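The model shown is predicted, which means the values in this text are computed figures rather than measured ones.
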Amino acid sequence: MSEPRPSPGTITFTVLGIPVQVLPSFWIITLMMSSGRMQELLLVAEWAAVSLVSILVHELGHALVARSYRRTTRIELHGMGGTAFHSGDVELKPLQRIAISLAGPGAGLLFGAVAYALWVSPLERSSLMQQALRDALWINWGWGVLNLLPILPLDGGHVMQEVVNLISRRPNERAGVLISLVGAVGLLAAGLMWGKSSALVLLAWIAVHQLGRATVIYQEWRDEALTDDLQRLTRALAAGDGATLVAEGPKVLASARSPRVRATATQMLAWGHAMLERYRDAAEVLRQFPPGFHVDPNLLTLLAARAQPPEQVLPVVTELWSRVPDVMVGRWLVELLVRTGGVDRALELVMTAPRALIDQQAMFTVDEALFRAGRYHESLRVNEEMFARFQASSAAYNAACAHSRLGNTEAALTWLERAVAAGSSNPHELEHDEDLAPLRLHPRFQALLARVRERAVAAG
């Protein structure tokens, strides 16, 4: 699972082997919720500490149960509370997803029980401790029970969605969103009527969120009328019939209401232009591609290789990157920047964009351009970052070459050792690469060469 580059101010640590990130927005919302205590900074710090621990316990409940199903997990605490991310190669069963959803509130309720036991115990407590226990009870039991309501995106809402799917015997997001929308609006109206303001902000946010999702589902329902047209475009794509795609694609695109169908029709139309070798037209069509979806990587690879002149396509790709940031779009943008002489912009992109959006190929493209231009210091930066992210033997090897060109013999040998440890196994490359010529008489180099030769012989 790829992890995004932490934003400035993010705190990172590990609990029970699970990576945790605390975003600045978490502290901002926490301070806003303690605005009534600003005259007593100690109480503000107490509230922040209790909130951090309580929400972390909740997310650990999700993450630990997910990990028991062999999922890779990480936790992010943010302005709306927290999220336990998990991923894996095997699809979870409905009951497993329900267990993960319930584990968070369950952990919070247990933590609240500990706070309650301390609250009713005869132990002597300071006023600060009393306040901390009250806050812990409110967060873990008060908000914990609210979180079990059958309203998406609360944990109870996820459980409700799974139950609806089981009853329907198919994914039924429409029913789940409708139940959530009715529930959130009803509770919001009741809160306004009774003057209960403590949960109104959350309920209003949920109602708006579900209204937006309901709108998209309604649009997708309306787009079911385009099913036959989309199937005709799909058959044309499979047959390589670019003329049909170009002729019929605009009609479907003009009629589409939902982002999903617009994305499909846009991509089909772009493929049609590409099949007719109208690569610039294909790139222009992608300007209409809606955010939140991924462009076909095969289409992007084709356009990156064939689009001419690249200077005319570059503004389109730059705009696409700003609206639909994606690994393949990033790779395409980097390649076009390098081809049009924008190596410095490409370097800035791969070093500052979120890690999840920059792959090894994009970084290698920048490194190759820098190395060929004799910009060894900058090439070294890219390779060191690439090795840190991907542990790629090629990145360590290229870092060794850059150090060798800069005359840093010891550093070059150290990076070469890392390359061999990471799997580099080509003795011919070590023996004949001119970038490594200054190292060949060094005993450490000879020892590495012997290891690589043995590895090559063992591999057959």
(request) Give the intermediate values and the outcome of side chain to side chain contact (heavy atoms under 4.5 Å, CB included) for residues Arg455 and Val420. (result) CA-CA 10 Å; Arg455 182 180 293 174; Val420 173; 3.7 Å; yes
(request) Please report the C-alpha distance between His58 and His62 in whole Å, then the side-chain angles of each, then the deciding distance to 0.1 Å, and finally whether the side chain to side chain contact (heavy atoms under 4.5 Å, CB included) criterion is met. (result) CA-CA 7 Å; His58 177 103; His62 292 308; 3.1 Å; yes
(message) Checking Lys251 against Glu248 for the salt bridge (charged side-chain N to carboxylate O under 4.0 Å, His left out) test, could you report, in this order, the C-alpha distance in whole Å, the side-chain angles of both residues, the deciding distance, and whether it holds?
(response) CA-CA 6 Å; Lys251 302 175 187 176; Glu248 301 294 329; 3.8 Å; yes
(request) With side chain to side chain contact (heavy atoms under 4.5 Å, CB included) as the test, would you mind laying out the steps for Thr12 and Val22 before giving the verdict? (result) CA-CA 6 Å; Thr12 60; Val22 186; over 6 Å; no
(request) Go through the steps for Asp241 and Arg232 under the test salt bridge (charged side-chain N to carboxylate O under 4.0 Å, His left out), then give the verdict. (result) CA-CA 11 Å; Asp241 184 359; Arg232 188 160 53 252; over 6 Å; no
(request) Verify side chain to side chain donor-acceptor pair (under 3.5 Å) between Arg444 and Thr414, making sure each step is shown before the conclusion. (result) CA-CA 9 Å; Arg444 286 172 64 188; Thr414 298; 3.3 Å; yes
(message) Before you tell me yes or no, could you show the steps for Asp155 and Ser101 under side chain to side chain donor-acceptor pair (under 3.5 Å), namely the whole-Å CA-CA distance, both residues' side-chain angles and the distance that decides it to 0.1 Å?
(response) CA-CA 5 Å; Asp155 290 323; Ser101 294; 5.2 Å; no
(request) Given side chain to side chain contact (heavy atoms under 4.5 Å, CB included), test Thr72 with His86 step by step and report yes or no. (result) CA-CA 5 Å; Thr72 302; His86 59 87; over 6 Å; no
(message) Does Arg372 form a salt bridge (charged side-chain N to carboxylate O under 4.0 Å, His left out) with Glu368? I'd like the steps, not just the answer.
(response) CA-CA 6 Å; Arg372 287 180 176 177; Glu368 187 177 36; 3.1 Å; yes
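Legend: ring-ring contact (aromatic ring centres under 6.0 Å, His included) pairs involving residues 216-252, not counting sequence neighbours, sorted by first then second residue: Tyr218-Trp221. Sequence neighbours left out, the pairs with a member in residues 324-383 that pass ring-ring contact (aromatic ring centres under 6.0 Å, His included) are Phe371-Tyr376.
Between His432 and His428, the two ring planes are tilted [angle within 30° to 60°].
Looking at Arg345 and Glu348, no side-chain N of the basic residue comes within less than 4.0 Å of a carboxylate O on the acidic one, giving no salt bridge. Ion pairing of Arg451 with Glu454 is absent here, as no side-chain N (NZ or NE/NH1/NH2) approaches a carboxylate O to less than 4.0 Å. A salt bridge between Glu91 and Arg97 is present, with a side-chain N of the basic residue lying under 4.0 Å from a carboxylate O of the acidic one.
Between Ile18 and Glu59 the shortest side-chain heavy-atom distance does not fall below 4.5 Å. Residues Ile75 and Leu77 have side chains in contact (heavy-atom distance under 4.5 Å, counting atoms from C-beta outward). Annotation: side chain of Glu385 is not in contact with side chain of Val350 (no heavy-atom distance under 4.5 Å). Looking only at side-chain heavy atoms (C-beta outward), Ile11 and Phe26 stay at 4.5 Å or farther from each other. Counting heavy atoms from C-beta on, the side chains of Ser404 and Asp435 never come closer than 4.5 Å. Taking the side chain as every heavy atom from C-beta outward, Val366 and Met363 never approach each other to under 4.5 Å. Side-chain atoms of Leu64 and Leu16, non-hydrogen and from C-beta on, do get closer than 4.5 Å to each other. Residues Ser424 and Val452 form no side-chain contact, since every pair of their non-hydrogen atoms from C-beta on lies 4.5 Å or further apart.
When the side chain to side chain contact (heavy atoms under 4.5 Å, CB included) test is applied to Arg453, the partners found at least two apart in sequence or on another chain are Pro427, Glu431, Leu449.
A side-chain donor-acceptor contact under 3.5 Å links Arg440 to the backbone of Leu430. Checking side-chain atoms of Asn408 against main-chain N and O of Ala411 turns up no donor-acceptor pair under 3.5 Å. A donor-acceptor pair is defined here as one N or O able to donate and one able to accept, closer than 3.5 Å; no such pair exists between the side chain of Asn147 and the backbone of Trp143. When atom types are taken as modelled, the side chain of Asp223 and the backbone of Ser258 share a donor-acceptor pair closer than 3.5 angstrom.
The two residues Leu439 and Phe445 make their nearest non-hydrogen contact at O-CB, 3.1 Å. Across all non-hydrogen atoms, the minimal contact from Phe387 to Ala422 is CE1-CB, 4.3 Å.
Separation of atoms CG (Asp281) and CG (Leu276) is listed at 9.5 Å; rounding is to 0.5 Å.
Between the side chains of Asn165 and Gln161, a donor-acceptor pair is found at a separation under 3.5 Å.
Within 6.0 Å of the CD atom in Glu224, the count of heavy atoms belonging to other residues, nucleotides or ligands exceeds 12.
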